[in-house]
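Here is the structure we will look at.
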Amino acid sequence: MIRSLLVTVAAVFVLISAASAENENSYKFDNEQQRATYQQLTKELRCPKCQNQNIADSNAPLAEDMRDRSYQMLKEGKSREEIIQFMVARYGDFVHYQPPFTTATSILWWGPLLIVVIGIGVAIGLTRKKKAAVELTPQERERLQQLRKSGDE
Amino acid sequence: MTKFRWLILFGPLVLFIGLVGFLLKGLGSDPTELNSALIDEPVPQFEVSDLYDTEVTYDQSVLHEGPLLLNVWATWCPTCRAEHEFLNELASRGIPIVGLNYKDDSREKAVNWLNTLGDPYTVNLFDPQGEVAFEFGVYGAPETYFIDHNGVIRYRHVGDVNERNWSNQLQGIYQQLLEEAE
């Protein structure tokens with residue numbers, strides 16, 4: 001029983017990897033460098049249709065079109081940046097998994113830092129207040145002593 | 001010191017209420033609805049053939065005689081079927097709609113669809129490979145672009161156009177484009 005299950009699982013894996021290999025092989029690259037750029041690009045470009053997948057993983061027709069276009073542009077000698085810009089111009093910043101630094105996204109970068117700074121500030125403020133409360137003036141100490149004495153009697 | 005005390009006491013509450021408001025807004029919005037990257041950009045250049053007669057070709061100048069709507073559709077798209085009758089209605093009200101047939105199964109199917117359901121479009125563009133749609137950043141069908149009299153894309157609506165969203169929102173956008181054109 002377990003063995004047959006294992007065999008089935010293995011067969012499925014082989015089929016999946018064969019399918020993806022076939023996909024890759026339908027593109028002919030000029031050199032290994034180009035293939036590497038292509039693979040990197042399809043991993044960092046996001047499919048607008050199935051939003052949490054990159055275009056390498058997605059089977060949506062749109063992802064296929066975007067892969068084809070990336071491949072064509074690489075073959076035409078376009079650089080990685082040019083292709084990303086081409087996609088962003090049509091599909092917006094959304095399409096790239098590395099969003100640019102803008103006023104809208106700056107909060108994501110500075111927000112956590114700001115919260116840490118506020119936290120440290122509050123912590124310092126609270127400890128200082130405690131210290132101040134503990135320290136008594138000489139007069140207060142005398143009064144405290146007196147109170148203690150009167151309490152003993 | 002007392003001033004700061006109020007700030008320390010109520011600051012977190014104010015922050016919390018702000019955060020709740022922000023997250024509530026996020027709950028109501030549809031994450032699959034993306035803003036077009038082409039808002040306030042002129043329509044991209046293209047060359048495309050007519051759906052009925054592939055001998056006839058058009059370029060981006062057919063979208064310069066706005067304000068008009070550009071509707072992206074296909075016969076494989078059920079939502080396009082749902083909105084089709086309302087597009088007919090809009091066309092009968094005199095609103096020019098250019099149709100972009102997007103990656104359809106076949107030209108015959110698309111022509112047949114228009115023959116049986118009615119043709120609301122002033123011009124029918126045929127884009128079997130989705131090349132023109134790619135230039136517009138189309139990521140599904142149906143999508144409807146609002147193009148002004150200068151041929152500038154002003155708004156993109158994702159999903160079907162119907163009586164409700166037309167009267168609530170889209171009509172206002174179209175009216176504004178009309179007023180600007182005068």
Side-chain angles (χ1 to χ4, degrees), chain A residues 45-55 58-73 83-97 99-100 102 104-105 107-108 111-112 114-115 117-133, chain B residues 1-12 14-16 18-19 22-23 26 29-46 72 74 76-77 79 102-105 127-143 145 153 155-156 158-159:
Chain A
L45 286 173
R46 183 184 189 182
C47 174
K49 189 70 201 169
C50 25
Q51 301 196 338
N52 292 321
Q53 282 187 307
N54 58 31
I55 63 170
S58 172
N59 281 326
L62 179 59
E64 202 181 308
D65 288 352
M66 288 170 74
R67 286 197 298 267
D68 282 345
R69 193 60 74 102
S70 307
Y71 171 73
Q72 277 170 24
M73 288 180 78
I83 295 171
I84 289 171
Q85 261 169 23
F86 176 88
M87 295 295 176
V88 168
R90 283 155 187 76
Y91 288 96
D93 290 334
F94 180 90
V95 84
H96 193 204
Y97 266 121
T102 63
T105 57
I107 190 165
L108 298 174
L114 192 74
I115 286 168
V117 167
I118 290 174
I120 290 173
V122 168
I124 288 175
L126 286 179
T127 47
R128 267 203 190 148
K129 219 182 185 176
K130 253 185 200 158
K131 246 186 209 163
Chain B
M1 194 61 209
T2 43
K3 262 187 210 163
F4 282 115
R5 225 171 125 187
W6 283 106
L7 194 73
I8 288 167
L9 276 176
F10 287 100
V14 170
L15 267 176
F16 175 74
L19 194 68
F22 178 74
L23 293 178
S29 75
D30 180 3
T32 60
E33 215 165 277
L34 301 179
N35 291 329
S36 170
L38 274 81
I39 297 299
D40 293 335
E41 297 281 335
V43 289
Q45 293 183 3
F46 60 84
V72 182
W76 47 257
C77 147
T79 319
Y102 171 55
K103 292 181 80 168
D104 220 324
D105 305 332
D127 187 19
Q129 303 301 320
E131 281 157 358
V132 178
F134 202 94
E135 293 301 313
F136 276 87
V138 169
Y139 67 99
E143 281 183 21
Y145 291 80
I153 299 169
Y155 186 75
R156 167 169 77 178
V158 176

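These values consider heavy atoms only, across backbone and side chains, with no hydrogens, waters or symmetry-generated copies.
Of the atoms belonging to A/Ala89, it is backbone heavy atoms, and not side-chain ones, that fall under 4.5 Å from chain B. At a 4.5 Å heavy-atom cutoff, the contact between A/Met87 and chain B is made by side-chain atoms alone. Contacts of B/Gln129 with chain A are made by backbone atoms alone, with heavy-atom separations under 4.5 Å and no side-chain atom involved.
Under the side-chain contact (heavy atoms from CB on, under 4.5 Å) criterion, A/Asp68 pairs with A/Tyr27, not counting sequence neighbours. For B/Asp105, the side-chain contact (heavy atoms from CB on, under 4.5 Å) test picks out B/Thr75, B/Trp76, B/Lys109, with sequence neighbours left out.
Annotation: B/Leu19, atom CG; neighbour count of heavy atoms from other residues, nucleotides and ligands within 6.0 Å is above 12. Environment of OH in A/Tyr97: crowded, with over 12 heavy atoms of neighbouring residues, nucleotides or ligands closer than 6.0 Å.
B/Tyr139 and A/Lys49 make their closest contact through O-CD, 2.8 Å (heavy atoms, listed as atom of the first residue, atom of the second, distance). Pairing each heavy atom of B/Ala37 with each of A/Val88, the nearest pair is CB-O, 3.7 Å. Shortest non-hydrogen contact noted between B/Val138 and A/Leu62 is O-CD1, 3.9 Å. Across all non-hydrogen atoms, the minimal contact from A/Arg90 to B/Leu38 is O-CD1, 3.7 Å.
Between A/Asp65 atom CG and B/Lys103 atom NZ the span is 3.0 Å, to the nearest 0.5 Å. Atoms CD1 and CG, from A/Ile115 and B/Leu15 in turn, are 8.5 Å apart once rounded to the nearest 0.5 Å.
With hydrogens and angles ignored, the 3.5 Å screen pairs no side-chain donor or acceptor of A/Tyr91 with any backbone N or O of B/Phe136.
For the pair A/Arg69 and B/Phe134, the cation-pi test (distance below 6.0 Å, angle within 45°) is passed.
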